[in-house]
Amino acid sequence: MSIPARLLQMLLTLAALSLVFYLLLGLMPGDPIDLALTADPRLTAADAERLRALHGLDRPLWARYLSWAGAVLRGDFGYSRLFARPVLALIGPALLSSLALLGLALGLAVLAGVGLGVLAALRPRLGPAVQGLAALAQAMPGFWLGILLIILFAVTLGWLPAGGAAEGGEPRWPFLVLPVATLAFGHMAAYARHALSAMRGAMADPWIRTARARGASEGRVALRHALPNAAVPLITLLGLDAGSLVSGAVITETLFARPGMGKLIFDAVMGNDYNLALVALLLVAGVTMLGNLAADLGQRALDPRLA
Amino acid sequence: MRLWLGLFLLGVVLVSALLADTAGSWLGLDPWAPDLFARYAPPSATHPLGTDDLGRDVALRLLHGARVSLAVGVGAALMGAVLGTLAGMLAAWRGGLADAVLMRLADALLALPALPLLIILSALDPAMLGLPRGEAASDVLRVALILAIFGWVGVARLARAAAMSVLAMDFIRAARALGVPEGRLLLRHVLPALLGPVAVATALAVGGAILAESALSFLGLGIAPPAASWGNMLAGAQEAVFQAPLVALWPGLAILLTVLGCNLVADGLRR
């Protein structure tokens, strides 16, 4: 499919998702007026009815969806109920913080995973060790590793903060080290396993023998001749991994109390903050789909046969 | 070798789950009874692994957590396997529109980040789904159902691929020429060929569901306390990393070994 067709398909998927999310959020117990009632004992049942009518909460779900979708299409994303601020003003900084976490973790996972995989393919004696490490990393709950890292580096050694974000003029990197390591470790496993098998396959290809016969050094053979061929399935994996990486970021942010999209979504869903939850969920889904698209394009750039 | 190691790990977990009650009466402890004078007690003869934030025995709660984790994992994986096999067979057999719709749905579910969706689904009112509220057994069923909504996808893709290759074989044409009805054809000739790949996917799915359950319970959306699940034990332990870091060790180790067992079994079956 061409790129415009893919983008159009993405937009249609997002539109369908917005309806699904809206209906699901509408099925959640309690609405904002119920919460207002619990917060203020002086409100009577009649007040609640009046407030529901005022905010349109007495209308059927589909009518509410249509007016929400209309407002969003006009660029009006509304206000967050929990934070009493415009939704877009909340999402900007959260998205930046999440992208920093995701980008660094993905970079580290790919570098470490592919490095280990290539190393194990070139040095067969290291194979079982790398495979064992990958098996452990894949079976480990990411947040448990995070807790262990907090216990070691924040509680016992006191080198790094246990969570939160930099305030004022504090340097940012100490708050990123543990979350990035936590998120990267689990994802490294898949890259290591796939890099190992792809490199083993690529090293057996006939042009590798040709390159060796020409007198190319072993390092050049591995990095220039085998790795580009082994990279195609790895980029497929990158696309497939986008969704689970975002899922991992949600739980990592919650564990380390990092303000970001994951924590925003969690708080918004738990706090019946429909406006915020919807926009944040759609944005996260959109970013994931863009990641998939980028992986597809990268794959075509590397392998002309796919274009 | 991998298969046997995996089966051994899972066997240990299964025996622990079965022995949870016996161990409780043997130690003379109640895994739900709080003892506020023994909060975060270090490991001792009465409490082999110490106690948690309410003074409950960690070892006993681990054993009871094994029941929950296995029930959720196996339940979700089996539901996913049944749904996925049906969807995959249907897609391969009907082809055309049914195939396109099912596979695009599967693609979309694979591409989306699962956890935010799981958070919404878990926040739904169980009463609206026709489930009783707030009991451990219904929690297990609810979490397993929610995980199966995502779990069928992997099975469906494998089942579809396997069913398509079987349906293209000569003996299927022969069977059709002999007048074997389509239902019987699918049940007797196609389904048996799918069992291998579906078994591998199901073993992997058990581990995946156990991980997902622990993540949901950790967020407070899975199995609700006082019932013990490895995920909610970790959530409790995280709040106390400064007072009692060791409490966080055991549930995670239990999850790790169980999921490792499932992955090893899947790996072993594949070979």
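Labels below follow one simple rule: chain letters A, B, ... track the order of the sequence lines, proteins then strands, and each chain is numbered from 1. All heavy atoms count here, side chains included; hydrogens, waters and symmetry mates do not.
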Worked check of side chain to side chain contact (heavy atoms under 4.5 Å, CB included) between B/Leu221 and A/Phe266: CA-CA 10 Å; B/Leu221 295 168; A/Phe266 184 74; 3.8 Å; yes
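Under a 3.5 Å cut-off, the side chain of A/Trp144 and the backbone N or O of B/Ala248 do form a donor-acceptor pair.
Both the backbone and the side chain of A/Leu255 have a heavy atom closer than 4.5 Å to some heavy atom of chain B. A/Leu17 touches chain B through its side chain: at least one heavy atom from C-beta onward sits under 4.5 Å away, while N, CA, C and O do not. Residue contact with chain A, scored on non-hydrogen atoms closer than 4.5 Å, involves the backbone and the side chain of B/Leu249 alike. Proximity to chain B involves both the backbone and the side chain of A/Ile251, based on heavy atoms less than 4.5 angstrom apart. For B/Leu257, no part lies under 4.5 angstrom from a heavy atom of chain A.
Residues B/Leu115 and A/Ser247 approach most closely at N-OG, 2.9 Å, considering heavy atoms. Of all the heavy atoms in B/Ile120 and A/Leu24, the pair that sits closest is CG2-CB, 3.7 Å. B/Leu211 and A/Met140 make their closest contact through CD2-C, 4.0 Å (heavy atoms, listed as atom of the first residue, atom of the second, distance). Contact detail for B/Gly252 and A/Pro141: the closest heavy-atom pair is O-CD, 4.3 Å.
At a threshold of 4.5 Å between non-hydrogen side-chain atoms, the residues A/Phe21 and B/Leu117 count as touching.
Most heavy-atom pairs under 4.5 Å with chain A, from the set B/Ala212, B/Gly208, B/Ala215: that is B/Ala215. Taking A/Thr13, A/Leu136, A/Leu148, A/Ile265 one by one and counting their heavy-atom pairs under 4.5 Å with chain B, the maximum is reached by A/Leu136. Options B/Leu256, B/Val259, B/Leu219 differ in how many heavy-atom pairs under 4.5 Å they form with chain A, and the most are formed by B/Leu256. Chain A forms the most heavy-atom pairs under 4.5 Å with one residue out of B/Leu118, B/Leu234, B/Ile210, B/Thr258, and that residue is B/Leu234.
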